[in-house]
Every structure is written in C-alpha cells, then in structure tokens.
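Below is one structure, written out as structure tokens; the observations come after it.
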Amino acid sequence: TFVSLYGHACNICTDQWFFASPAPLGQSTLVKTAPSSWLGVSHRSVTLAVHKSKSNTMAVVARDLAIEIVTDDFGPVVGTVFKALFKTPKARLRNVQIATALPPSQVRQALLVLVQHHLVTAVESFGTAYIPSVPMALLRKRGPLVSQTINKIYGSLAQTIVEHILLHGRIRKSRLRDSLLEHQTQSDDGVACTEKSINQTFHTLSRDNILIQAGCAAGGDDEGGPPAKKADLGRLGAAAKTADGGAQDTLYWRINYVQLHRLFLLEWVEDFLSKKLDKVSGAIAKVLMEGAMAVFDNGMTADMNTDAIHSRLPEGTTSPQIADELLQCLVHESCDIIKSGSSNRYYADVAAAAELASYRQVELTIEQRYDNGSLRLFNLLVDKRFLDQDQVCRMALVTNFKGTRLLLNELLHANFISFQELPRSMDRAPSRCCYLWGATKEHATATLIAECRQTSLNLRLRLRYERDVRQHDLARGSIHAAEEAAVAQAGETGQAPEEDEEEEDEQEIADRKRIEASMAVIEKLELAQLAIDRQLMMLQLPQLIRSIPAL
C-alpha cells in the first residue's frame, strides 16, 4: 500500500495510483508520483489526472475486446477495418484504405458488413464518415442469452426469428419469411413454421418492442443506422414493393437490445422475489413490473389496485384477499421494488429494481471471492460511507481487530473500498493521523465492470490460442460427432447398420481421450465467457434498461 510520506492526503486505492498507465496484456506499469507541491499543481488536479488515466485504460480494454469480438465473428478482414476506424476520428473511406492497405473492394464490403450489424455508423460530415460503436460490438456476446430468453417467453419459433435477425443484423420481413419457409421445420413446441404462424409471431415481437424498425431503403433513418442514401457502399436491400408486402416491405427490422435487457430484469425480479417470499409474490411483482416498463420511457408510474392486479394473474393463482395481503408484504419485503401509492394502489420502481440487481451482483461476487465477514464489512462501509477501524469493529460486532484489518486490506487491494488519511497536526505523524475506510456502490460496480471486461478479453485470447493449438483434434472431434449423430438418426428410423465389434488399441484410446480433453477445454472456456458476460450484464443493468451506454 502507498502511504502519504510527503504529507499530502490521498486516496491510496492501488489501481488508481500504481496501474494508471496502459500496459500490454498481463503486465502493469509502475507510476511514480511526486508530491503535488513539487509538480506545481493542486492535489485535486493530480487526483483528477489519475482518474482520467484509469478511465482511459478501461476504454482501451473495452476497445480491444470489441475488436477481438468482431474479428472472431466476421473474420480478419472485417476485424482489421474495424480496428482501423479507431485510429482516425470520423474516418473516411480513403483513411481506412491507407490504414489497412487492403483493396478498395474489400474495404467497402467490410464497411457494409459493419454497417449492416450496427457496429459502424455512417454520417455526413463533408463526405461520408464512419464511426465505430464499441457498445454494440460488446453486445454481440449476448446472443445465446437472448435466444434462451426469447424461447422461454415466446417459444421456439420466435427464437428462430430472432436468431435470423441476429445473423443478418437487419432484414426485411419478406426476406425473413422466405428464409424460414425455405427450411420448413416444426418447432420444438409443436408450432408449424407456416406463413401465418411467422406473421403472427413477428407481429407479437414487434408489438412487444422486441423488434424495431431500422430505417427504410426509400429514405428515413433511425438511431444508430446508416443514412439511406449511402449507395456507394452498396444498398442493404432493394426498395421495391412486393405484391404481398406493400410499402411495409421496404422497412428493415433489427433487435431492440434495450427491451431485451428489460426482459432480463423482469425475469430477475420474479426469480428474486419468488425465492425470498413465494412464487405468487413473484407473479404479482411481475405484473407490476410489466405495467411499469410499459410507461418507463415516459417517466410515469403505472399504479394499479388489487382488483386490476388480480385480473392479470394467471387463473387460479390466488384469491383477491390473499393477493392484497401479499401486496402489503411486498411493500415491506421487496427492497423498495414494489411501493404503495394512494387509495390502496401499488406500483413497481423499475430503476430501483435495476440498481438492486446490480448491487446484488457486487455482493455475490464479494461473498464468493472472500467470505460473509468481508461482505458484512463492505455493506457497513457503503451504508456509513467513512469509518475508522475501531468504528468498523464495533458496528460490525467484530472482536478480532487484526482479523478485521486483514479483511479490509483484502478489499482495499481488490479496489472495492478506499482508504484516506486525515492529519490532526501539521507534522502529519502517523500517530497523530486518523485513517478512514470508505466504500461506494458506484466505485465497486465500476471496479467489477473493468475486471469483467479484462477477464473476457483474456478468455477470448486464450480460446483463440487453444483452438489454434488443438485444431486437428477439434476437427476430428467434429467428424466423430457428426458420425454419431448420423448413426443415432438412422437408429431412430430403423436403418442403422450393424456395427462390427472391434476392440480399440492403445493408440486409438489415447487419441479418443485427447480429443475429448480438447473439446472439454474449449467448452469450459466458452461457458466461462457466457458466465462473465452475464455478470457484466447484471452490473450494467441500470444503464442498459435506458439506452446502450457510451464508453
């Protein structure tokens, strides 16, 4: 830990003072700081400069992660073009060609792909300029979670529609319908993939704001979309009106990530209150949250009485009398998610629910990484803001002074809490100084977000390395999996060939074990990526339910 040897009060969070400058992956740069009086600036100026440098480091990590995601999803050419856009603000086509040394045709096609998937915005500024979007690139990791949630709420046909739109970035309804009808299959929930069912499911998704318009080829744009007159890049689709589509067929549709994150929050609230109270309370909270989300963008509250809430519950869930008792219980036990208004009316606070979900993720991380004692100390410091060690021990009902100091030092080293020195005399002797511990929700959340992004970047680099090293084993494993699937399908139809029972020799056994081990490593890394992305999503929910945050 850094101690104020030169007589200047400071915050000694390690990441703020020693790891302020960007460094290569896996390394750190030691920043030697001089007293602010030597530099001729105030202590506040030094502190602001350090925080600005730390923010720059976090932005660099997010940018590198976005470049890796785009490279993995679209290939090295598109990844190179996307990386070149960060070198020049509002880069033109000529700037990108010079920076990448790629043929103009490849640069145009790569920009078309990036614009199609909302990873780059084309704007008019003395010519066509292209601005990369890091937040939209980071959201591409959320595809599996999006598919799972849509399948759970709307069914497998809706999941297929959403996956097609995620694959294309934006698509017209007629092309989506033709693509689905070309591969007519029955969904997992028994819904046949017909034109009528596709139209009904598409209407439901657009009505619930899961799918939104992404501009039209004939003119008009939405936020984040490229101007429609960018014909030089190649049109995203023809604007011709079809006989069955009419004028609506000129519209492109894309996924509304803001609404999807509200669905994630809705599921979390229902699950949280179901575990804390019971399933009926969770269902009641879900009804109130759905009403609140419908008017959330307008800044209004959707309050309802007991009869209105009971009418929206599934039939046979509970009686109006029990529902009224559970509502009163939710007001006191829902952590300010459900609130009461006038005349026995109730409403849900969406913003408070998102803040609670984010803070619960911070608490869960601290509890899993350390123990319940560390979590109790952290919550105490968040509640009281600044305490010395004697106050911490007394309020937390801890008698072990040395053990408490060790727990606080662990949290300080992880940058979850801060430590400040307040002198009582001019000589600033350690015996005549007061040392205060403090913590805030915002600082802990920002620390975890930075850790999650760095971990996600490391996992993606490790996954790429493992795939390159184990490329031969993974190819053989895919072949064996396809053969086993074909044999299983033939067995279901009664046409399975008779297999000759032959004993495997030692070399074949060793090869099979090596292939299984390689596939297990890849699967473990992919699952770790999904877990980190879900944790990152929960931490950012207060911003994601409003808009895609800028970095």
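At least one side-chain heavy atom of R254 sits under 4.5 Å from a side-chain heavy atom of I212. A heavy-atom distance below 4.5 Å is not found between the side chains of T301 and V295. Counting only heavy atoms from C-beta outward, the side chains of V113 and F82 never approach each other to under 4.5 Å. Looking only at side-chain heavy atoms (C-beta outward), K83 and T80 stay at 4.5 Å or farther from each other. Side-chain contact between H164 and I171 is absent, with no heavy-atom pair separated by less than 4.5 Å. Looking only at side-chain heavy atoms (C-beta outward), Q540 and L536 come within less than 4.5 Å of each other. Inter-residue side-chain proximity for L260 and I150 is flagged as met; some heavy-atom pair is nearer than 4.5 Å. Looking at heavy atoms from C-beta onward, F264 lies in side-chain contact with V146 at the 4.5 angstrom threshold.
Between atom CH2 of residue W437 and atom CG of residue N409 there is a gap of 4.5 Å, rounded to the nearest 0.5 Å. A distance of 4.5 Å separates CG of L157 from CD1 of I161, quoted to the nearest 0.5 Å. Taking CG of L530 as the reference point, atom CZ of R142 lies at 11.0 Å (rounded to 0.5 Å). Here the straight-line distance linking atom CG of N379 with atom CD of E367 works out to 10.0 Å at 0.5 Å rounding. From F296, atom CZ reaches atom CG of D349 across 8.5 Å, with rounding to the nearest 0.5 Å. For the atom pair NZ of K87 and OG1 of T100, the computed distance is 8.5 Å after rounding to the nearest 0.5 Å.
No side-chain N or O of D533 forms a donor-acceptor pair with one of Q529 less than 3.5 Å apart. Residues D371 and S374 have side chains that bring a donor and an acceptor to within less than 3.5 angstrom of each other. Side chains of T365 and Q535: a donor-acceptor N/O pair is present below 3.5 angstrom, by distance only. Defined by atom type and a distance below 3.5 Å, a donor-acceptor pair is present between the side-chain atoms of S281 and D278. Of the N and O atoms on the side chains of S147 and Q159, not one donor lies less than 3.5 Å from an acceptor on the other residue.
No more than 12 heavy atoms of other residues, nucleotides or ligands shown are found within 6.0 angstrom of CZ on R462. Atom CD of Q148 sits in a sparse spot, with 12 or fewer heavy atoms from other residues, nucleotides or ligands closer than 6.0 Å. For Y465, the OH atom counts as loosely surrounded, since its 6.0 Å shell holds 12 or fewer non-hydrogen atoms of other residues, nucleotides or ligands. The 12-atom threshold is not exceeded at CD of Q471, counting heavy atoms of other residues, nucleotides or ligands nearer than 6.0 Å. The 12-atom threshold is not exceeded at CZ of R534, counting heavy atoms of other residues, nucleotides or ligands nearer than 6.0 Å.
With ring centers used as reference points, H443 lies 6.0 Å or more from F416.
The residues E290 and R312 are annotated as not salt-bridged, no charged nitrogen and carboxylate oxygen being separated by less than 4.0 angstrom. Salt bridge K275/E270: absent, no basic N to carboxylate O contact under 4.0 Å. In summary, R464 and E68 engage in a salt bridge, as defined by a charged side-chain N under 4.0 Å from a carboxylate O. The pair D297-R262 meets the salt-bridge criterion, since a charged nitrogen lies less than 4.0 angstrom from a carboxylate oxygen.
A distance-only check finds a donor-acceptor pair linking the side chain of T445 to the backbone of K441 [under 3.5 Å]. Between the R546 side chain and the P542 main chain, a donor and an acceptor come within less than 3.5 Å of each other. T71 places no side-chain N or O within 3.5 Å of a backbone atom of G75 that could act as its donor or acceptor partner. A distance-only check finds no donor-acceptor pair linking the side chain of S358 to the backbone of E355 [under 3.5 Å]. In terms of modelled atom types and a separation under 3.5 Å, the side chain of T201 and the main chain of A158 share no donor-acceptor contact. Of the possible polar contacts, one joining the R170 side chain to the A214 backbone as a donor-acceptor pair under 3.5 Å is found.
No option in H117, K141, R140 other than R140 meets the side chain to side chain donor-acceptor pair (under 3.5 Å) test with D73.
The aromatic rings of Y257 and H261 sit tilted, their planes meeting at an angle between 30° and 60°.
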* When you look at V120 and L85, which way does the side chain to side chain contact (heavy atoms under 4.5 Å, CB included) test go after all the steps? -> CA-CA 9 Å; V120 166; L85 293 175; 3.4 Å; yes
* Kindly determine whether I153 and L263 satisfy side chain to side chain contact (heavy atoms under 4.5 Å, CB included), including the steps that lead there. => CA-CA 9 Å; I153 299 176; L263 289 181; 4.1 Å; yes
* With side chain to side chain contact (heavy atoms under 4.5 Å, CB included) as the test, would you mind laying out the steps for I69 and L138 before giving the verdict? => CA-CA 7 Å; I69 292 173; L138 297 179; 4.1 Å; yes
* Evaluate the criterion side chain to side chain contact (heavy atoms under 4.5 Å, CB included) for residue pair L356 and I337; output intermediate values, then yes/no. => CA-CA 8 Å; L356 178 62; I337 296 178; 3.6 Å; yes
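Shortest non-hydrogen contact noted between A357 and L265 is CB-CD1, 4.3 Å. Minimum heavy-atom separation, S156 to N151: N-OD1, 3.3 Å. When every heavy atom of G373 is checked against every heavy atom of L407, the shortest pair comes out as C-CD1, 4.3 Å. Taking all atoms of both residues into account, the shortest heavy-atom contact from I338 to A348 is CD1-CB, 3.9 Å. Among all heavy-atom pairs drawn from L408 and L381, the shortest one is CD2-CD1, 4.1 Å. Residues K173 and W253 share a closest heavy-atom pair of N-CD1, 4.2 Å.
Cation-pi check for K339 over Y347 is not met; the charged atom does not lie both under 6.0 angstrom from the ring centroid and within 45 degrees of its normal.
Applying the salt bridge (Lys or Arg N to Asp or Glu O under 4.0 Å) rule to R405 yields no partners; only residues at least two apart in sequence or on another chain are considered.
Legend: side chain to side chain donor-acceptor pair (under 3.5 Å) pairs involving residues 515-526, not counting sequence neighbours, sorted by first then second residue: R467-E526, R470-S518, D473-S518.
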